Amino acid sequence: MRALTDSWRGIHKPVFIPASIVIIGLVVFAAVSSQTASDTFTALNSAITDGVGWWYILAATVFVVFAVFCAFSRVGSIRLGRDDEKPEFGMFSWFAMLFSAGMGIGLVFYGVAEPLSHFVIPPQAGRVPPGTDEAANQAMELTLFHWGLHAWSIYVVVGLGLAYMTYRKGRPLSVRWLLEPLFGRKAIEGALGHAIDAIAVIGTLFGVATSLGIGVTQIAAGLEYLGWLDVNATWTVVIIAIITAIATFSVVTGVTKGLKWLSNINMVLAAVLALFVLLLGPTLFILTAFVQNLGGYVGALPEMMLRTAPWADDTWLGDWTIFYWGWWVSWAPFVGMFIARISRGRTIREFITGVLVAPTLIGALWFTIFGETGILRARDEIAAAPQGRPTEGLTTWDAGTESVWFPEGGFSVNSNTALFQLLAEFPLAQVTSVLAIAVIVFFFVTSSDSGSLVIDILSTGGDLETPKLTRVYWAVLEGVAAAVLLLVGGTAEDPTASLTALQTASIATAVPFSIIMVLACAALLKAFRYDLATTPRYLRVATAGDVPVQPEPEGSAPRGRRRGGISTTFAGLAPSREGISTPQAGGLVVAVQDIPGHTVAVDPRSGAVEVADDALPTDPLNGEVFDTPEFAASAEAARLEREEPAPERDEDR
């Protein structure tokens, strides 16, 4: 009872209660009125795709532009912490943890299925015939588009914002503080801030639940493919219950004992699986394709990033791109908080470059290994199709100079079993299939564990030491939501209805959070501008003795007319009030700040310089001070310490 009371006291009720009501209400609605809920999810999915799909595509591209601008402009020099702070983790460890964040259930589920799906059912807007070499190239470009820079730019916005506002400005580790530069502290600590965190909690839970639901469908399909059980609704619930129980145990044991241990094991298992397929598969072809896929992705990116396909009649855009952008947005608080917590001490340029490049390259290699191997297998099946005149049950697709023969309606790709069908082509198929299931299970556990921790931090107002009881609550609720959404419409009777429910849950709950993220970009740019304007740059100025003078060759003509009365050093400076005399060897280090030209007035007679009072921009954070450990350890606290007047000495009185 005491633990329950302490947990309730630690909860931030204006966030916890509304978020719980919305989540439980949606889950109950789906469970009680399954058919009505299924129809509602289908209609809502279509409405979102048709109504705000363009917004997702535009917003995701804005996030890429924001990330690139921050990385390559002066903003990139800002450090996520105190100015003299060093990164908390070494480069290798940091990249390894980014790799673990980049891996997930989705990569295992879609590793074979997505490239193969785009190969046999390409989007109408691409105008590429299915089953051709051109379709194979486009399939990999589209896959890397969905898992590359756009996905990680979405994470950059939240991760960068959290790291900057917490480690540099000393705010609590909570999404609401991303908008403080726009709305001020009073609004952020009030109803607006509560709504922002509640939206983040709801979106994160359904984003994690979507991943868990997708993972369970693949686990069940793998067990059925191995002949170990016949999948039905009961078995689906049992699998979810078992894995949620494991995740709950991991939550209770704590991050260092549970999550870290499971994550390290899972990375090794995933690497072993990828190396197995790489070495026993078409190794040289995969390595060659990897280089081409990177080039194809970079070349196709400008056209794909704003493609909304207004003339297309198919549902490809909603089934893939819009679903992915919504899924990534719903995961943004989860992944963003993780990468923020491991990136303290790095500059913004280091942060963005690492977060964008490392996972994109790893994802490209993963999809090339599994996707290209699957496409090669499909091409062999196409080549084995009857040539010449079509036979019964086959149709022909015009591919320009040749005809590609497909079964009626095209080849079907079962996303649940595509990976296991591929592994069946290799030796030790039973062993590697079990290994794949183990990887999915561990991803399920680590996703649920980490997701529960992040949601708990958000629902306690940014407290990093959250009650274990509430972590268990969120872990169980994620499992229940995944089970209910997965069973809406009937898993066995209509698998696509379950996928539709999962997709809709992600993209629907991500709509309001995508608006928050766009506002966060504007707020962060405002804060960065003030930071750059007030943070001094340090210059080393040489003394007269430090300036090397090259003697002119004997008999050479003077190099030009030299002006007199101009000093290139500070050697002649009088001793300052603090008693600093002539600079020592190596030069004098001077702190300078950039001042806009229109704020400076120079007296033409005396040369005296006057600077207007508005030379520097107004602090968007209004110099607010917090009595928290995060603020005491931040760069903002260090700045205030430097600006405090020194105590008056006796000789100055």
Side-chain angles (χ1 to χ4, degrees), residues 62-89 91 94 98 152-175 177-182 336-358 517 519-539 589-596 615-626 630-643:
V62 167
F63 300 147
V64 174
V65 174
F66 170 82
V68 172
F69 169 78
C70 290
F72 291 99
S73 67
R74 286 184 57 207
V75 170
S77 63
I78 299 175
R79 191 168 294 277
L80 300 174
R82 297 188 178 219
D83 293 332
D84 58 349
E85 196 165 358
K86 301 299 181 183
E88 186 176 358
F89 298 98
M91 187 65 71
W94 186 58
L98 287 177
W152 285 93
S153 292
I154 292 172
Y155 299 150
V156 160
V157 173
V158 179
L160 174 60
L162 289 173
Y164 177 81
M165 295 300 294
T166 300
Y167 302 137
R168 189 157 186 86
K169 296 301 179 181
R171 273 45 178 175
L173 190 63
S174 189
V175 174
W177 296 103
L178 301 187
L179 301 189
E180 186 190 0
L182 285 183
M337 189 174 293
F338 172 77
I339 61 178
R341 291 184 67 183
I342 66 173
S343 301
R344 177 166 192 152
R346 299 201 174 273
T347 64
I348 289 179
R349 183 172 295 112
E350 290 174 335
F351 175 89
I352 295 177
T353 303
V355 172
L356 289 185
V357 174
M517 289 181 62
L519 293 175
C521 290
L524 289 173
L525 289 176
K526 188 176 181 180
F528 294 157
R529 178 174 176 268
Y530 177 80
D531 204 323
L532 290 173
T534 56
T535 301
R537 294 183 294 119
Y538 294 95
L539 302 179
V589 176
V590 182
V592 298
Q593 289 182 341
D594 295 326
I595 300 176
L616 296 178
T618 304
D619 183 3
L621 301 179
N622 200 30
E624 296 286 353
V625 176
F626 291 73
E630 293 89 357
F631 188 84
S634 68
E636 185 72 4
R639 182 186 66 81
L640 293 177
E641 291 173 3
R642 290 194 304 267
E643 293 179 355

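Just the heavy atoms: all of them, side chains too, but no hydrogens, waters or symmetry mates, feed the values below. Quick caveat, the model's predicted, so the values are computed rather than measured.
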Asks: Would a 4.5 Å heavy-atom cut-off, applied to side chains only, mark Met91 and Arg346 as touching?
Replies: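 Yes, side chains in contact.
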Asks: Might you point out which heavy atoms bring Ala522 and Leu182 nearest each other, and give the distance in Å?
Replies: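 Heavy-atom minimum between the residues: CB-CD1, 4.5 Å.
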Asks: Nearest heavy-atom pair of Pro181 and Ala523: which atoms, and what distance?
Replies: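 Here Pro181 and Ala523 meet closest at CB-O, 3.4 Å.
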Asks: I want to know whether Tyr155 and Phe338 have ring centres closer than 6.0 Å.
Replies: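 No.
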Asks: Using salt bridge (charged side-chain N to carboxylate O under 4.0 Å, His left out) as the criterion, point out the one residue from Glu636, Glu624, Glu180 that pairs with Arg171.
Replies: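 Exactly one candidate clears the test, Glu180.
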Asks: side-chain contact (heavy atoms from CB on, under 4.5 Å) between Arg341 and Thr166: does it pass, once the steps are laid out?
Replies: CA-CA 10 Å; Arg341 291 184 67 183; Thr166 300; over 6 Å; no
Asks: Just one of Arg168, Arg344, Arg79 clears the salt bridge (charged side-chain N to carboxylate O under 4.0 Å, His left out) bar with Glu85, so which one?
Replies: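 The passing option is Arg344.
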Asks: Identify the two heavy atoms, one from Val355 and one from Val156, that lie closest to each other, and give their separation to 0.1 Å.
Replies: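 Taking every non-hydrogen atom into account, CG1-CG2, 3.6 Å.
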Asks: Report yes if the side chains of Asp531 and Lys169 come closer than 4.5 Å at any heavy-atom pair, otherwise no.
Replies: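 Of all side-chain heavy-atom pairs linking Lys169 with Asp531, at least one is under 4.5 Å.
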Asks: Can you measure from CD1 (Ile352) to CG (Leu160) and round to the nearest 0.5 angstrom?
Replies: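 Atom-to-atom, Ile352:CD1 and Leu160:CG are 5.0 Å apart.
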Asks: For the CG atom of Leu162 and the OH atom of Tyr167, what is their distance to the nearest 0.5 Å?
Replies: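 Reported to 0.5 Å precision, the distance equals 8.5 Å.
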Asks: Table please: side-chain donor-acceptor pairs of residues 64-78 below 3.5 Å, with sequence neighbours left out.
Replies:
unit_1 : atom_1 : unit_2 : atom_2 : d
Ser73  : OG     : Phe69  : O      : 2.7
Ser73  : OG     : Val75  : N      : 3.3
Ser77  : OG     : Arg74  : O      : 2.7

Asks: With side chains defined as the heavy atoms from C-beta onward, is the minimum distance between Leu173 and Met337 less than 4.5 Å?
Replies: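 A side-chain contact under 4.5 Å exists here.
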Asks: Is there a donor-acceptor pair closer than 3.5 Å between any side-chain N or O of Glu350 and the backbone N or O of Thr347?
Replies: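 Judged by distance alone, yes, a pair lies under 3.5 Å.
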Asks: Could you tell me which non-hydrogen atom of Phe63 sits nearest to which non-hydrogen atom of Met517, and how far apart they are?
Replies: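 Scanning both residues completely, I find the closest heavy atoms to be CZ-CB, 3.6 Å.
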Asks: Determine the minimum heavy-atom distance between Ile348 and Leu80, stating which atoms define it.
Replies: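 Nearest heavy atoms, Ile348 then Leu80: CG1-CD2, 3.8 Å.
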Asks: Does atom CZ of Arg82 have more than 12 heavy-atom neighbours from other groups under 6.0 Å away?
Replies: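 Counting neighbours around CZ of Arg82, more than 12 heavy atoms of other residues, nucleotides or ligands fall under 6.0 Å, so yes.
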Asks: Please find the pair of heavy atoms, one from Ala527 and one from Tyr164, that lie closest to each other, and give the distance.
Replies: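 Where Ala527 meets Tyr164 most closely, the heavy atoms are O-OH, 3.5 Å.
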Asks: How are the rings of Phe351 and Trp94 set relative to one another: parallel (under 30°), tilted (30 to 60°) or perpendicular (over 60°)?
Replies: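 Phe351 vs Trp94 ring planes: tilted.
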